[in-house]
Amino acid sequence: MLPGINFQPTFFLGFMLGFIIGTTLHEFMHAYSAYRLGDDTAQRMGRITLNPFAHFDPLGFFMGILLALGVGLLAWGRPVPVNPYALKGGRRGMSIVAFAGPVANLALAGALLPLYRFGEGLLPVEVTQVLGYMILINLFLFAFNLIPIPPLDGFNILSGILPNYWVVVLEPIRRYSLPILLGLIFVVPLAGRLFGMSLDLVSVALRPIIGGLSRIFLG
């Protein structure tokens, strides 16, 4: 077994099921909401489907496996292409499309909750643990994607509700989306550790949100 890998069967299964189903629903809702608002780009590319393979990204899936083994930091599905100029409502329409993805993850967590709650004592312990991890993963996907930095959904939501002045100011940031995201997740925390400081800003921002949601959903 590779150094650092921590294989826990129930966590691995719960993570991968939650990630695959959650990512599929997330991208499906982006595609479907864009189509309902007038943009058929995703529909023409076969993305309005619940078939996970339509939303499959090989590298993102591999990174998901690493996360499930406790050695990764980021995973993703294949982004849905959206033409904002074809959407009804313009920027407002784009914010709706962006918000639909995280909401799908929250809805999935809610749909799994009754089975988790009422399954305790009726289902094998391992099954309820898997369900619990599936819920947690989708709560994380909900919260993480709402961070208002590109290329995450939160940035498109923010761009859709801000006054025009701020959109003009913020829009140039989009071209640096990948360096910004990777910097916050990898570079800044690593630099903090080198200098003996805690600079994991993403975890600091998400911890109270996910903690609160977990208490609401899982008790």
Could you go through the side-chain contact (heavy atoms from CB on, under 4.5 Å) check for L136 and F15 one step at a time?
-> CA-CA 9 Å; L136 282 173; F15 182 98; over 6 Å; no

What distance do T23 atom OG1 and D57 atom CG have between them, rounded to the nearest 0.5 Å?
-> 10.0 Å

What distance do I147 atom CD1 and I209 atom CD1 have between them, rounded to the nearest 0.5 Å?
-> 7.5 Å

Heavy-atom side-chain proximity of L66 to M63 below 4.5 angstrom = yes

Identify the heavy atoms of V97 and H30 that sit nearest to each other, and give their distance.
-> O-ND1, 2.7 Å

Can Y176 be reached from L170 by stepping across I, L, V, M, F, W or Y side chains whose heavy atoms are under 4.5 Å apart?
-> yes

V103 with I96, same ILVMFWY side-chain cluster at under 4.5 Å | no

Quick one: does D39's side chain have a donor or acceptor within less than 3.5 Å of a partner on L87's backbone?
-> no

Determine, stepwise, if the pair V202 / F144 fulfils side-chain contact (heavy atoms from CB on, under 4.5 Å).
-> CA-CA 8 Å; V202 173; F144 179 75; 4.1 Å; yes

Please name the pair of heavy atoms, one in A98 and one in I157, separated by the smallest distance, quoted to 0.1 Å.
-> CB-CG1, 3.8 Å

Are L13 and E126 close enough, and set up right, to give a side-chain contact (heavy atoms from CB on, under 4.5 Å), and what steps lead you there?
-> CA-CA 10 Å; L13 183 58; E126 293 80 7; over 6 Å; no

On a heavy-atom basis, the closest approach of A75 and G60 is CB-O, 3.5 Å

May I have the step-by-step check of side-chain contact (heavy atoms from CB on, under 4.5 Å) for T49 and F28, ending in yes or no?
-> CA-CA 6 Å; T49 176; F28 166 81; 5.5 Å; no

For R174 and P151, indicate whether the former's side chain and the latter's backbone hold a donor-acceptor pair under 3.5 Å.
-> no

When every non-hydrogen atom of V130 is compared with those of T10, the smallest separation belongs to CG2-O, 3.7 Å

Is any side-chain heavy atom of N156 closer than 4.5 Å to a side-chain heavy atom of V82?
-> no

Mark yes when over 12 heavy atoms from residues, nucleotides or ligands other than Y35 sit less than 6.0 Å from its OH; otherwise mark no.
-> no

Do the non-hydrogen side-chain atoms of L123 and F118 ever get within less than 4.5 Å of each other?
-> no

Heavy atoms only: give me the nearest L37-G93 pair and the separation to one decimal.
-> CD1-O, 3.5 Å

From CZ (F61) to CE (M16), nearest 0.5 Å | 4.0 Å

Kindly work out whether a path of hydrophobic side-chain contacts (I/L/V/M/F/W/Y, heavy atoms less than 4.5 Å apart) joins I48 to F56.
-> yes

Should we count CZ of F186 as having more than 12 external heavy atoms under 6.0 Å?
-> yes

What's the spacing between W166 CH2 and E171 CD if we round to 0.5 Å?
-> 14.5 Å

Flag yes if I185 and V71 sit in one hydrophobic cluster, no otherwise; membership is Ile, Leu, Val, Met, Phe, Trp, Tyr, and two members link when side-chain heavy atoms are under 4.5 Å apart.
-> yes

Is any side-chain heavy atom of V187 closer than 4.5 Å to a side-chain heavy atom of L182?
-> no

When you measure from the side chain of R78 to the backbone N and O of F53, does any donor-acceptor pair fall under 3.5 Å?
-> no

For the residue pair L184 and P189, what are the closest heavy atoms and their distance?
-> O-CD, 3.3 Å

Reported CG-to-CD1 distance for the pair L206 and I210, which is rounded to 0.5 angstrom | 4.5 Å

Give the cluster check for I20 versus F7: same hydrophobic cluster or not, with ILVMFWY residues linked at side-chain heavy-atom distances below 4.5 Å.
-> yes

Output the distance between atom CG (D153) and atom CE (M94), rounded to the nearest 0.5 Å.
-> 8.0 Å

Test item: R91 side-chain N/O and L162 main-chain N/O as donor-acceptor pair under 3.5 Å = yes

Residue from N138, N145, L152 passing side-chain contact (heavy atoms from CB on, under 4.5 Å) with P102 = N145

Using the benzene-type ring in the case of Trp, are the ring centres of Y133 and F11 under 6.0 Å apart?
-> yes

